[in-house]
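Reviewing the structure listed below.
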Amino acid sequence: MNGTLKYDEAHGGITALASMHGLTPADVYHELTSDHFWLTNPTIRMSNLTEMKHHAKNKWGHQEVWEQPKRVSLQYDFARKPDKFIIDKDKCYMTTIPFASVDEHDQYKKQASMMTRMVPIAQTPAMFAAFIKTMNQQNLTLRKSDFDPNKPEVFKVYCFKNWASVMIDTNQLSSLASLYSIADNFKINHNTLRHYVQSHKRQFQNINYLAAYWYETHLQSSDELSNIK
């Protein structure tokens, strides 16, 4: 996306789009501000040389052209490493730095791309800070199954577990038992929740601070809040 500093001229700063057939800047801006992470967009496909040779054997070797839907991400592609989130008077942007190696890039992109399938990283400074804090941990391990767009309840449980770990780790709760009522709603065994939190405290696994922040700000209901003491 290309942008402008003059907000009113370009639907939130967007003036030009790539890989967005049939969509206006206003369409994309609406999706971005509605917490959507990808769009289904038509793409033009052409048969390659191998396909044409195969078709020639069957007496038709012309090149086919067809339209195929493709999921287009609205999140950063992590070609470079996110560094800072800057908000000025008339603009907001993210700065990046080079990766130290190809291996660092590949590992970082693999994990960060999993998270951005479900959570934006540059919606607020606090959200960006939670993302950076998560990615800066040593030996960060994420499971693809926790970030399946087709299984939102699995992701919500994952976010809850990380939020519980943060709440205990920062002494914002008197005891883990105060979260058992929420765990019951998710059908999480109390011992399972206790083991998950203890694993974080003993550094057997890292905390996903972005998932915890997303649960607190977007997934947690007022009913759940009233059960916490």
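- Note that OH of Tyr180 and CG of Asn189 are 9.0 Å apart. Values are rounded to the nearest 0.5 Å.
- Evaluation of the side chain to side chain donor-acceptor pair (under 3.5 Å) rule for Asp184 yields His190 as partners, not counting sequence neighbours.
- Geometric assessment of Lys109 against the ring of Phe78 yields a negative cation-pi assignment under the 6.0 Å and 45° thresholds.
- Residues passing the side chain to side chain donor-acceptor pair (under 3.5 Å) test with Thr141, sequence neighbours excluded: none.
- Partners of His105 under the side chain to side chain donor-acceptor pair (under 3.5 Å) rule, at least two apart in sequence or in another chain, do not exist in this structure.
- Under the 4.5 angstrom side-chain criterion for Ile, Leu, Val, Met, Phe, Trp and Tyr, the cluster partners of Ile207 are Val166, Tyr209.
- Across all their heavy atoms, Lys161 and Leu193 have their closest contact at CG-CD1, 4.4 Å.
- In this structure, the separation between CG on Asp106 and CZ on Phe99 is 9.0 Å, given to the nearest 0.5 Å.
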>> Applying side chain to side chain contact (heavy atoms under 4.5 Å, CB included) to Asn162 and Tyr196, what does each step give before you reach the verdict?
In response: CA-CA 9 Å; Asn162 281 276; Tyr196 194 88; 3.3 Å; yes
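- In this view, Lys144 and Met114, Arg117 satisfy the side chain to side chain contact (heavy atoms under 4.5 Å, CB included) rule, not counting sequence neighbours.
- Here the side chains of Leu179 and Trp163 are in contact, with some heavy-atom distance below 4.5 Å.
- Under the rule for a side chain to side chain contact (heavy atoms under 4.5 Å, CB included), the partners of Asp103 that lie at least two apart in sequence or sit in another chain are Ser101.
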> Please walk me through it: do Asn206 and Thr134 pass side chain to side chain contact (heavy atoms under 4.5 Å, CB included)?
Replying inline: CA-CA 8 Å; Asn206 292 310; Thr134 300; over 6 Å; no
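- Of all the heavy atoms in Ala211 and Cys159, the pair that sits closest is O-CB, 3.4 Å.
- With sequence neighbours excluded, the residues forming a side chain to side chain contact (heavy atoms under 4.5 Å, CB included) with Asp77 are Ala79, listed by chain and number.
- Under the rule for a ring pair (Phe, Tyr, Trp, His ring centres under 6.0 Å), the partners of Tyr158 that lie at least two apart in sequence or sit in another chain are Phe147.
- By the criterion of side-chain heavy atoms lying less than 4.5 angstrom apart, applied directly or through intervening Ile, Leu, Val, Met, Phe, Trp or Tyr residues, Tyr76 is not grouped with Ile97; the two fall into different hydrophobic clusters.
- Every pair passing salt bridge (Lys or Arg N to Asp or Glu O under 4.0 Å) that includes a residue from residues 78-87 is listed here, sequence neighbours excluded: Lys81-Glu104.
- Of the inter-residue distances, the one linking Gln111 atom CD with Tyr108 atom OH reads 9.5 Å to the nearest 0.5 angstrom.
- Not counting sequence neighbours, the partners of Asp148 by the side chain to side chain contact (heavy atoms under 4.5 Å, CB included) test are Asn150, Lys151.
- Classified by interplanar angle (parallel below 30°, tilted 30° to 60°, perpendicular above 60°), the ring pair Phe160/Phe186 is tilted.
- Hydrophobic clustering, with ILVMFWY side chains joined whenever heavy atoms are under 4.5 angstrom apart, groups Met94 together with Leu210.
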Atom pairs and distances, side-chain donor-acceptor, residues 122-133, under 3.5 Å, sequence neighbours left out:
unit_1, atom_1, unit_2, atom_2, d
Gln123, NE2, Asp35, OD1, 2.4
Thr124, OG1, Met127, N, 3.1

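- When the side chain to side chain donor-acceptor pair (under 3.5 Å) test is applied to Asn136, no partner is found at least two apart in sequence or on another chain.
- Of the possible polar contacts, none joining the Ser113 side chain to the Lys110 backbone as a donor-acceptor pair under 3.5 Å is found.
- Side-chain contact between Met115 and Asn208: present, with at least one pair of heavy atoms (C-beta onward) separated by less than 4.5 Å.
- In this structure, Thr192 contributes its side chain and Ile188 its backbone to no donor-acceptor pair below 3.5 Å.
- Here the closest non-hydrogen pair linking Phe155 and Asp146 is CD1-O, 3.3 Å.
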